[in-house]
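Some notes on the structure that comes next.
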Amino acid sequence: MAENILSVQDLHTSFTTDHGEVMAVNGVTFNLEEGKTLGIVGESGSGKSVTAYSIMQILEKNGSIRSGKVLFRGEDITKWPESKMRDFRGKKCSIIFQDPMTSLNPVFTIGWQLEEAIKLHTDRKGKAAEERAIEMLKLVGVNEPEKRIHQYPFEFSGGMRQRVMIAMALACEPDILIADEPTTALDVTIQAQILELMKDLQKKMGMAIIIVTHDLGVIAQMADEIIVMYGGRVCERGTAEDIFYRPAHEYTKGLLRSIPSVDKIGQRLVPISGTPINLLNLPKGCAFCPRCDAAMKICLEQVPPETRTVDGHLASCWMAVKKEAEAGMINFTGDSGRSLKADDTAGAGSGKD
Amino acid sequence: MEEKFTPDSQYLVQAHDMKMYFPIKTGWFHSKPLKAVDGVSFDIRPGETLGLVGESGCGKTTVGRTLLRLYNPTGGEVYFDGKKVDAKSIGGLRKDMQMVFQDPYSSLNPRMTVEDIIGEPLDVHKLYTSRQDRRDKILHLMELVGLNAEHATRYAHEFSGGQRQRIGIARALATNPRFIVCDEAVSALDVSIQAQVINMFEDLQKQLGVAYLFIAHDLLVVHHISKRIAVMYLGRMVETADSNELNSNPIHPYTQSLLSAVPYPDPKQAKERKRIILEGDVPSPLNMPSGCPFRTRCRYATDECKAKMPPLTDRGGGHMVACWNK
Ligand SMILES: Nc1ncnc2c1ncn2[C@@H]1O[C@H](COP(=O)(O)OP(=O)(O)OP(=O)(O)O)[C@@H](O)[C@H]1O
Ligand SMILES: Nc1ncnc2c1ncn2[C@@H]1O[C@H](COP(=O)(O)OP(=O)(O)O)[C@@H](O)[C@H]1O
Ligand code: SF4
Ligand code: SF4
Ligand SMILES: [Mg+2]
Ligand SMILES: [Mg+2]
């Protein structure tokens, strides 16, 4: 097995607001292997970006990591002073964001911004920094980089700006690249170019990638391992094949059912009922319970534990626990006195349409 | 010599050679036309859905807005139910032709109640006999789109994205239209909610027989909801066909690369599928290439493509393609 370059353990992050504490991340755990791609998928507000920003410690002022560890090569970086984190952010781990326009400064040339990033994080200066900038632009497929470095962001299209952001993020050859919805603002043909570029650069440079997206198509194409998030928790984790072909969590199943696909033409889509979760007021048990058609009484009361599914990946869903019990893998009554019978179904699905 | 266009009574909406140019200032005294839509033709039958896809900036929204005469077209003709849509007739046709917008967050006034938002078109077109009738109509519309009656007095900003989109649709339905332009009406929604709204569009079509021009950049969504699909590139239509036909047998090189770029939610397919990665970006509509608009990115381009614009021709069964070499 490859080494884990990053390990997030029981991360809790919240934001203080006028309306109360927004519980954005509620116990997220995952490992990132050297040189691999981890996909984080979930709907808007599920805590994907906050997880990424917590790793980088670039949360907005009202937010903070409440508990948990972020181990980089075994060291807990949540304990690091800001000076050391600054170094981490440039040299070890870089992030690219959804909207390349807001992340580039409109008043400076592309070249100037790239060179600044290079000077800040490497010992290259002057001419050497400029050469590196040109080399990086070439690497990400920007034509005529010698001319392009003198242009301003508004002179670049959306796809080209995202290439520049990738060039900037990779200029210091980080070990980890975090891409937060890197192609959401782009057209599909440009998206295909950027995703291809990221895979290509990973082959050349060997960095590990965390790709954050709500797009199941993008995740299917990019990720080796996937975590599915809902309500700031990980519902399910496994290989891309586990998640797409053998989903075990009711939320994952619902997500896959609700996307249109060529095989479903002429059929009615099966949406997930209800409305997205309110993080100011998390349910006591399973966060997905108010929208889940399979909800049982126990789902209302207790957060489901992470369970190994019959085929060997992990899901945090009482339904998966029940299936496992039925398959005779574990003995329930002997466990913690929980009983899971079919008549436990509690009609918990309130808020349905 | 242009033939005179005669509308065909089997269609509800017909656009013929529609053009919309915007003047863009290039200096103190100079301006240049930005050809957002440049000679687009299509027809939609009653109760049918035509999907419209293409990259950002290719002119989809402009087609929708010009069709409803929210813009004054530079050229071409639009017919609705056999009647020519022009400055004079549009007033009487507004009721029948409505639009649902992309962004559920900005297209509704957050300080208006749901009741007022849905009631506004009823007021404008005086579509009720009494206060009670108005209220009944509003509640009926809310029910149609799956909104709770008790939400009538709440403000738009209190609702989630999916619910706001429902409010926008109820408002569009208020005048009992026969045709709705849906411009990226589900694009801002999460997939689980998107499926709720897509189902609702389909149900409403079955119940009320309304026809849609369904504009979206997500091909899977468009394919799901549309009977026919039109593909646009730089202000022109490059291919139209039945959805299934377009999906299984795309002919235009742009359509081929567009379809191959769709990220399918299936890891095996994603790994095996051959993608046609296009070089470069869409050219600026202010600097339109000569001849075929796609030729700067097309791997089949020849001299002919540079010299002449390819016309849309029927490749069998109404599968229309504008390309010299395919
Ligand atoms: N009022 C306007 N004045 C000037 N140019 C305009 C105007 N409206 C649209 N355009 C231009 O016309 C072209 C087509 O725009 P349109 O909004 O129709 O694109 P679209 O296909 O709907 O794109 P998207 O997918 O981004 O919504 C673009 O180049 C756009 O910048
Ligand atoms: N600065 C902030 N103040 C309050 N709430 C925030 C802040 N940043 C994010 N949140 C909330 O945290 C939740 C998770 O956000 P995010 O991680 O951005 O979701 P996504 O999964 O779409 O990336 C959301 O409910 C969001 O509104
Ligand atoms: S079955 Fe229970 S634990 Fe599983 S998703 Fe539904 S509510 Fe949650
Ligand atoms: S006409 Fe020529 S340039 Fe245009 S799509 Fe066909 S082959 Fe390509
Ligand atoms: Mg996000
Ligand atoms: Mg548009």
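Values below: all heavy atoms of this structure, side chains included; hydrogens, waters and symmetry mates excluded. In this text, all values refer to a predicted model and were calculated from it rather than measured experimentally.
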**Message:** Ignoring hydrogens, what is the shortest heavy-atom contact between A/V188 and B/P263? Give both atom names and the distance.
**Reply:** CG1-CD, 4.4 Å

**Options B/S243, B/S248, B/P267, ranked by heavy-atom pairs under 4.5 Å with chain A, top entry** = B/P267

**Message:** Would you say that more than 12 heavy atoms from the other residues, nucleotides or ligands in this model lie under 6.0 Å from the CD of A/Q151, or not?
**Reply:** yes

**Request:** Output the distance between atom CG (A/L216) and atom CG (B/L220), rounded to the nearest 0.5 Å.
**Result:** 11.0 Å

**Rounded distance (nearest 0.5 Å) linking atom OH of A/Y245 with atom NZ of B/K268** = 4.5 Å

**Asked** Which value, rounded to the nearest 0.5 Å, describes the distance between B/H224 atom NE2 and A/K264 atom NZ?
**Response** 8.5 Å

**Prompt:** Using non-hydrogen atoms only, which part of B/N199 is less than 4.5 Å away from chain A: side chain, backbone, both, or neither?
**Reply:** both

**Request:** Starting at CD1 of A/I265, measure out to NE2 of B/H223 and round the result to the nearest 0.5 Å.
**Result:** 4.0 Å

**Prompt:** Among A/Q193, A/M222, A/Q267, A/H214, who wins on heavy-atom pairs under 4.5 Å with chain B?
**Reply:** A/Q193

**Message:** Please determine whether side-chain contact (heavy atoms from CB on, under 4.5 Å) holds for the pair A/L269 and B/E202, giving the CA-CA distance in whole Å, both sets of side-chain angles, and the decisive distance to 0.1 Å.
**Reply:** CA-CA 10 Å; A/L269 294 177; B/E202 290 183 334; 5.9 Å; no

**Request:** Specify which of B/D266, B/L258, B/V221 makes the most heavy-atom pairs with chain A at under 4.5 Å.
**Result:** B/D266

**Message:** Using a 4.5 angstrom heavy-atom cutoff, name the option from B/L219, B/V282, B/D218, B/D203 with the most pairs to chain A.
**Reply:** B/D203

**Request:** Please round to the nearest 0.5 Å and tell me the distance separating atom CD1 of B/I193 and atom OG of A/S44.
**Result:** 9.5 Å

**Item:** Least distance between heavy atoms, A/S258 atom then B/A195 atom
**Value:** O-CB, 3.5 Å

**Message:** For B/N148, which atoms come within 4.5 Å of any heavy atom of chain A: side chain, backbone, both, or neither?
**Reply:** neither

**Request:** Measure the CD1-CD distance between B/I277 and A/E196 for me, rounded to the nearest 0.5 Å.
**Result:** 4.5 Å

**Request:** Applying side-chain contact (heavy atoms from CB on, under 4.5 Å), run through B/E55 and A/T189 and close with a yes or a no.
**Result:** CA-CA 8 Å; B/E55 274 166 300; A/T189 61; 2.3 Å; yes

**Heavy-atom neighbours of B/H140 NE2 exceed 12 at 6.0 Å** = no

**Pair B/S192-A/E43, side-chain contact (heavy atoms from CB on, under 4.5 Å): steps then yes or no** = CA-CA 8 Å; B/S192 66; A/E43 55 196 62; 3.2 Å; yes

**Prompt:** Just wondering, do B/Y264 and A/S261 contact through their side chains at under 4.5 Å, heavy atoms?
**Reply:** no

**Message:** More than 12 heavy atoms of other residues, nucleotides or ligands under 6.0 Å from NZ of A/K203: yes or no?
**Reply:** no

**Item:** Atom NZ of B/K25 with >12 non-hydrogen neighbours under 6.0 angstrom
**Value:** no

